[in-house]
Visitor: 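Shown below is the structure under consideration.
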Protein chains: 4
Amino acid sequence: MSAAHGDKLNAILDAAYRLFGTRGYYETKMSDIAEEAGIAKGTLYLYFSSKEELFTAMTKRDFDGFIHQLRIVLQCAHTLEEQLTAAAAHHLTYYYRVKDYTRLFFHAPNNDQALMDALNEFLQRYSGIIAELLTSYDIANPKLHAQSFIGILDVFKMDILFNPMFTEEDLELRIDFAVTLFRYGCK
Amino acid sequence: MSAAHGDKLNAILDAAYRLFGTRGYYETKMSDIAEEAGIAKGTLYLYFSSKEELFTAMTKRDFDGFIHQLRIVLQCAHTLEEQLTAAAAHHLTYYYRVKDYTRLFFHAPNNDQALMDALNEFLQRYSGIIAELLTSYDIANPKLHAQSFIGILDVFKMDILFNPMFTEEDLELRIDFAVTLFRYGCK
Amino acid sequence: MSAAHGDKLNAILDAAYRLFGTRGYYETKMSDIAEEAGIAKGTLYLYFSSKEELFTAMTKRDFDGFIHQLRIVLQCAHTLEEQLTAAAAHHLTYYYRVKDYTRLFFHAPNNDQALMDALNEFLQRYSGIIAELLTSYDIANPKLHAQSFIGILDVFKMDILFNPMFTEEDLELRIDFAVTLFRYGCK
Amino acid sequence: MSAAHGDKLNAILDAAYRLFGTRGYYETKMSDIAEEAGIAKGTLYLYFSSKEELFTAMTKRDFDGFIHQLRIVLQCAHTLEEQLTAAAAHHLTYYYRVKDYTRLFFHAPNNDQALMDALNEFLQRYSGIIAELLTSYDIANPKLHAQSFIGILDVFKMDILFNPMFTEEDLELRIDFAVTLFRYGCK
DNA sequence: CATGAATGAGCTTTCATTCAT
DNA sequence: GATGAATGAAAGCTCATTCAT
């Protein structure tokens, strides 16, 4: 894979991310993506054999970045409290940064097994990392706890993505709230 | 003829629920819904002015049923523990019952404001009921706590919907787990 | 045909005239006509077996009115000059009065032989009346002359129907102009 | 590839002319035009963004051809008599040649402003050319006279288009008749 | 006579994908 | 590798007409 090839590939994935994210899968045309990427329509098919495959590839790159970044922020934290807070901050900040790309979270192609697999794999990796963390602190049921922690965080995406008044302070508040609830329960 | 009218209306909504739920919005044709409902294509348009409107109406009916059922099960519970357990059981059992209709939760028409409004309204009602509950027990931050509780429950939908080995025991386990975590934190 | 029947019939024809005239044949729905006439959709079909037949009936009534009126105004005129002027005034005033119903002259159903027959028959009757007039003054080629006279008048419909500034003076001017040109040629 | 492009464009316009002309606007399907032109349905939309636009483009090409031809035949005539005869012959011969395309003159899409504009522009150009001619011979009211001349000619289209027995001699007769009437009046 | 709920054939337009250049 | 003209399947919606009441 030459540098030029990689450049064009990333240009396509970037364009796909922007358009799928802002308009949704079915509302985005391959020709729009080609134009946004600055290449010809036919060229897309030299890189991806179908629209679905492109969508899945774009999603996977996004997932990989999420996981990669998660590992990095976790390395800078040392107590359980710090690590959960880092993970929560990473999760919510991610949504906060992409609040203009809400379609990513609601509109995907429907009958694509590869995408479903990628989604499941992502969740396994994500909850695996959190579970590993909890295991190292001897917390029981690490997998269920990890999933629940992610669930607590994820429910706030509705606020973040759809409430235009949502501020960074609201973000901080929810980060601390989620960690505290997870650790100590409601009050 | 109001009874007949209601019958046909419900036949359409039932058919829409089945097909949208198993195939997804974009993969379901209006002609399929008509056939499934046992009526002519044009008749659909006497009841709903567009495919989107039909989808939103079907969704709203589902939401209403969920909320209605929730209120009923909550009336039979009297302590906080019982009430949270009832709500958790209701939520997860709902997913368990509709595990064949996974598309309902992932594939909706894009850019439809009426649907987004319905979704938001549902979440407000749902979290409002839980928050009210928490308030009556003097728990701080009732709204955030309510959302978090729902988040914990909702994350398990991935297991329920996509893990074909998922059993009713797994269900029971998660119901108790969710309530305990919510009340007392991890460990 | 009872009075009530005739009333309803005329209500339908009136409604059809208004809607076909302002919107055009294909842009007017049978249901619109029914509503405009204050009756039910199905009732239309008790009077006319199809949309085309209704259009043709409406057109014929209009043609009959035109011819009937023409005969009346001609009876009040006695010299050739007066008669031609009366006919010209009648023709152009007709367009002037229905300038809000321009679709009548441009948009008709396409493959309806009955309508084409009605149109031809009208033109035969119209030019026949004028030709008869010319014959009584021993003018040669009465049929061609009659047609030409009608042609001179008819060309002005574009001005009348499409020029919103067109005034009654413009009308008078064209009436005299047409008669003079027809009788004496240009200058 | 401009030649090929032009070829395909003309193939489409030719096909549209034939089908719209013989069947009418609403009775002609885009798929029929594509087939007649020997291309795919979707290709039509690379050249014209809608059925209406195609109809208008076809009409304009026809109008342009009419005007172009008119200018040519007028250049070969030198007296007023000759010029009017040339114009009359051109007008009536045009109808005679396209007598199989009667729908062109009766059936156009409704509510299309671009088409109405094209029609008006054509009439302005046509009557403008005739009026200019009359002006050069110091004839008063050149615009009204020009319109009337056109009206005299145009009325004969009914005979030409709808009378299957209409011969070339009938054509010649009307050409001379129209010019004589226009110049000297009846008788 | 009158109604209007129900029908279903019909058509424009879109867009993912291909392939000759 | 890159292009973009060409393709053609596919689907939402309309509306003239029917017929049970």
Side-chain angles (χ1 to χ4, degrees), chain A residues 2 4-5 8 25-35 37-55 109, chain B residues 1-2 4-5 8-9 25-35 37-54 109, chain C residues 2 4-5 8 25-35 37-55 109, chain D residues 1 4-5 8-9 26-35 37-54 109:
Chain A
S2 72
H5 186 90
K8 202 160 281 189
Y25 179 78
Y26 286 98
E27 283 67 20
T28 299
K29 294 183 264 181
M30 288 297 264
S31 58
D32 291 340
I33 295 175
E35 193 182 6
I39 59 170
K41 215 182 333 173
T43 308
L44 286 180
Y45 289 84
L46 298 178
Y47 291 80
F48 303 97
S49 67
S50 72
K51 189 181 180 184
E52 286 192 346
E53 197 189 292
L54 170 55
F55 186 90
Chain B
M1 199 168 293
S2 144
H5 191 274
K8 200 159 285 189
L9 184 71
Y25 179 78
Y26 287 99
E27 281 68 20
T28 300
K29 290 182 272 182
M30 289 298 265
S31 57
D32 292 340
I33 296 175
E35 194 180 4
I39 59 169
K41 209 182 342 168
T43 308
L44 287 181
Y45 289 87
L46 297 179
Y47 291 78
F48 302 98
S49 66
S50 70
K51 190 182 180 184
E52 286 194 347
E53 198 189 291
L54 171 54
Chain C
S2 73
H5 184 91
K8 202 160 283 188
Y25 180 79
Y26 287 97
E27 283 67 21
T28 299
K29 293 183 264 183
M30 288 297 265
S31 58
D32 292 340
I33 295 174
E35 193 182 5
I39 61 170
K41 214 181 338 170
T43 308
L44 286 181
Y45 289 84
L46 300 177
Y47 292 78
F48 302 98
S49 67
S50 72
K51 189 181 181 185
E52 287 192 346
E53 196 189 294
L54 170 54
F55 187 90
Chain D
M1 199 168 296
H5 191 275
K8 200 159 285 188
L9 184 72
Y26 287 97
E27 282 67 20
T28 299
K29 290 182 271 182
M30 287 299 264
S31 57
D32 293 340
I33 296 175
E35 194 179 4
I39 60 170
K41 212 182 335 172
T43 307
L44 287 180
Y45 289 86
L46 298 178
Y47 291 80
F48 302 98
S49 66
S50 70
K51 191 181 179 184
E52 285 194 348
E53 197 189 293
L54 170 55

Visitor: With sequence neighbours left out, write down each residue that passes side-chain hydrogen bond (donor to acceptor under 3.5 Å, both in side chains) with S49(B), or none if nothing qualifies.
Guide: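 side-chain hydrogen bond (donor to acceptor under 3.5 Å, both in side chains) check on S49(B) returns E53(B).
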Visitor: Which part of the nucleic acid does K51(D) contact within heavy-atom distance under 4.0 Å: base, sugar-phosphate only, or nothing?
Guide: sugar-phosphate
Visitor: Rounded off to whole Å, could you give me the CE-to-P distance for the M30(A) and dT14(E) pair?
Guide: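 Whole-Å distance recorded here is 19 Å.
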Visitor: Are OP1 or OP2 of dT7(F) and a side-chain N or O of T43(D) less than 4.0 angstrom apart?
Guide: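 It does, given that an N or O in the side chain of T43(D) lies less than 4.0 Å from OP1 or OP2 of dT7(F).
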Visitor: Taking only side-chain nitrogens and oxygens of Y47(A), does any of them come within less than 4.0 Å of OP1 or OP2 of dA2(F)?
Guide: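 Yes, because at least one side-chain N or O of Y47(A) sits under 4.0 Å from OP1 or OP2 of dA2(F).
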Visitor: side-chain contact (heavy atoms from CB on, under 4.5 Å) with S31(C): which residues, sequence neighbours excluded?
Guide: K29(C), K41(C)
Visitor: Rounded to whole Å, please give me the gap between CZ in F55(C) and P in dA16(F).
Guide: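 Spelled out: CZ on F55(C) to P on dA16(F) is 14 Å.
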Visitor: Tell me whether the rings of Y25(A) and F55(A) are parallel (<30°), tilted (30 to 60°) or perpendicular (>60°).
Guide: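 Ring orientation, 0 to 90° scale: perpendicular.
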Visitor: NA contact type, K29(D), heavy-atom cut-off 4.0 Å: base, sugar-phosphate, or nothing?
Guide: sugar-phosphate
Visitor: For S49(A), which contact category applies under a 4.0 Å heavy-atom criterion: base, sugar-phosphate, or nothing?
Guide: nothing
Visitor: For G42(D) and G42(A), find the nucleotide of DNA chain E closest to each by heavy atoms; which residue's nucleotide sits nearer the 5' end?
Guide: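 That would be G42(D).
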Visitor: Does the side chain of L46(B) come within less than 4.5 Å of K8(B)'s, by heavy atoms?
Guide: no
Visitor: Out of curiosity, I33(A) CD1 to L54(A) CG, how far, rounded to the nearest 0.5 Å?
Guide: 5.0 Å
Visitor: Do K8(A) and dG1(F) have a side chain to base donor-acceptor pair shorter than 3.5 Å?
Guide: no
Visitor: Which string of ( ) [ ] | and . matches DNA chain E, if you list each base 5' to 3' and count Watson-Crick or G-U pairs only when both distances are under 3.5 Å?
Guide: .||||||||||||||||||||
Visitor: Using a 4.0 Å heavy-atom cut-off, does I39(D) contact any base of the nucleic acid, only the sugar-phosphate backbone, or nothing at all?
Guide: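 The answer is sugar-phosphate, as I39(D) gets under 4.0 Å only of primed atoms, P, OP1 or OP2.
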